[in-house]
2 protein chains.
Amino acid sequence: MAGLILLLKFIDYRLFVRDLSMEVYVGVIASIFTFFGIWMGLKFTRPKVIVKKEVIDNFTLDEKKLEETGLSDREYDVLQLMAQGLSNQEIADKLFITINTVKTHSSKVLMKLDAKRRTQAVQQAKELGILP
Amino acid sequence: MAGLILLLKFIDYRLFVRDLSMEVYVGVIASIFTFFGIWMGLKFTRPKVIVKKEVIDNFTLDEKKLEETGLSDREYDVLQLMAQGLSNQEIADKLFITINTVKTHSSKVLMKLDAKRRTQAVQQAKELGILP
DNA sequence: CTGAAAATCACCCTAAAGTATGAGCCCAAA
DNA sequence: TTTGGGCTCATACTTTAGGGTGATTTTCAG
């Protein structure tokens, strides 16, 4: 970074004192910082390989975590069916309740799992170990 | 790109005619092009799969099944991000494409996986062994 | 070089999901 | 017996997802 500023000063001196056109000056600055940006972008956003915690083949429900979420029985039912890719209507049919009720439950599931979408809720649930 | 040049001209006019200090001018140019560079860098060097490589213990991608689905590289990218619970908009941002393109991809994913909803697609994919 | 597949984007429209609010019912614990 | 939590349902509204179509551009193998 320091070197960059120095370089800038240098270019400033070389170009400015010789009264070159503004366009050239701007062009040089723009080019330099474009490449600088590219470098920054690549350096700091390289995807990292993340090793995740072990995932179990034989699923055993993590009761503690389930309690911690504060999910009620019915909400957990809905969550499980969500995870199977069912729509709210299909869930309603399976549980013999209306779609309105399912929506109520699913909203609370999303809240309690701190998710914005059902796909996210399912993902969270799996990471918590409350879904296979 | 054209828009960028226009923006440059605009700033040129606004700042230059008011005789502001050179440092400010250079600073603005530098900032803009740094971000431009970051954007460029990310857009044109995007790795095949930005998604974190889930080196989950006992997950090994079933390449055969993946081929059988006929999913393209990009479609698979989208599927992975779907599975993480991201919205189409969020996926678009991650892949540096528009939400429209994401929709196109996701539609094809749903077709190829024979699913009606993204939650279902994710479920199917996991059962096929093409997602952890 | 050329054609096909892949990737990108746009627009329009419908369906599903999600939010907010209110309300009635049941039941067990205080 | 009151009270609170869980379950149920409704209605109205906003947001997101998904379907269909068409189009341009990349890419890549033949």
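Computed from heavy atoms alone, side chains included, the values below leave out hydrogens, waters and symmetry copies. Each chain gets a letter, A, B and so on, in the order its sequence line appears, and its residues count up from 1.
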Base, sugar-phosphate or nothing for [X]? Non-hydrogen atoms, less than 4.0 Å.
X	answer
B:Ile99	nothing
B:Ser87	sugar-phosphate
A:Asn88	sugar-phosphate
B:Thr98	sugar-phosphate
B:Ser72	sugar-phosphate

Report the distance from atom [atom1] of [X] to atom [atom2] of [N], rounded to the nearest whole Å.
X	N	atom1	atom2	result
B:Leu95	C:dC9	CG	P	10 Å
B:Gln120	C:dA17	CD	P	11 Å
A:Asp77	D:dG6	CG	C1'	13 Å
A:Tyr76	D:dG5	OH	P	23 Å
B:Lys116	C:dA17	NZ	C1'	17 Å
A:Ile91	C:dA16	CD1	P	13 Å
B:Lys112	D:dG18	NZ	C1'	17 Å
B:Glu90	D:dA17	CD	C1'	13 Å

Under 4.0 Å between a side-chain N/O of A:His105 and OP1 or OP2 of D:dT8, yes or no? yes
Report yes if at least one side-chain N or O of B:Asn100 is closer than 4.0 Å to OP1 or OP2 of C:dA10; otherwise report no. yes
Do we see a donor-acceptor contact under 3.5 Å between the side chains of B:Thr104 and B:Ser107?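 The answer is no; no qualifying pair exists.
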Just by distance, with hydrogens left out, do A:Gln123 and A:Glu127 show a side-chain donor and acceptor under 3.5 Å apart? yes
More 5' along DNA chain C: A:Lys103 or B:Lys108, using each one's nearest nucleotide?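 Comparing both residues, the 5'-ward one is B:Lys108.
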Hey, which sits more toward the 5' end of DNA chain C by its nearest nucleotide, B:Gly70 or B:Arg117? B:Gly70
In the structure I gave you, are the side-chain heavy atoms of A:Arg74 and A:Leu95 within less than 4.5 Å of one another anywhere? yes
For residues B:Ile91 and B:Met82, determine if any side-chain heavy atom of one lies less than 4.5 Å from a side-chain heavy atom of the other. yes
Any donor-acceptor pair under 3.5 Å joining the side chain of B:Thr104 to the base of C:dC9?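 Per atom types, the contact qualifies.
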Check whether any side-chain N or O of A:Lys112 sits under 3.5 Å from a backbone N or O of A:Gly70 as a donor-acceptor pair, and report yes or no. yes
When you measure from the side chain of B:Arg118, which nucleotide among D:dT8, C:dC9, D:dG18 comes out closest?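 In terms of side-chain proximity for B:Arg118, the closest of D:dT8, C:dC9, D:dG18 is D:dG18.
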Quick one: which of D:dC7, D:dA10, D:dG19 gets closest to the side chain of B:Ser107? D:dG19
Among B:Val78, B:Leu79, B:Asp77, B:Leu71, find the one that has a side-chain contact (heavy atoms from CB on, under 4.5 Å) with B:Glu75.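 Between B:Glu75 and the candidates, side-chain contact (heavy atoms from CB on, under 4.5 Å) is satisfied uniquely by B:Leu71.
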Can you work out whether A:Phe96 or B:Ala115 has the more 5'-proximal nearest nucleotide on DNA chain D? A:Phe96
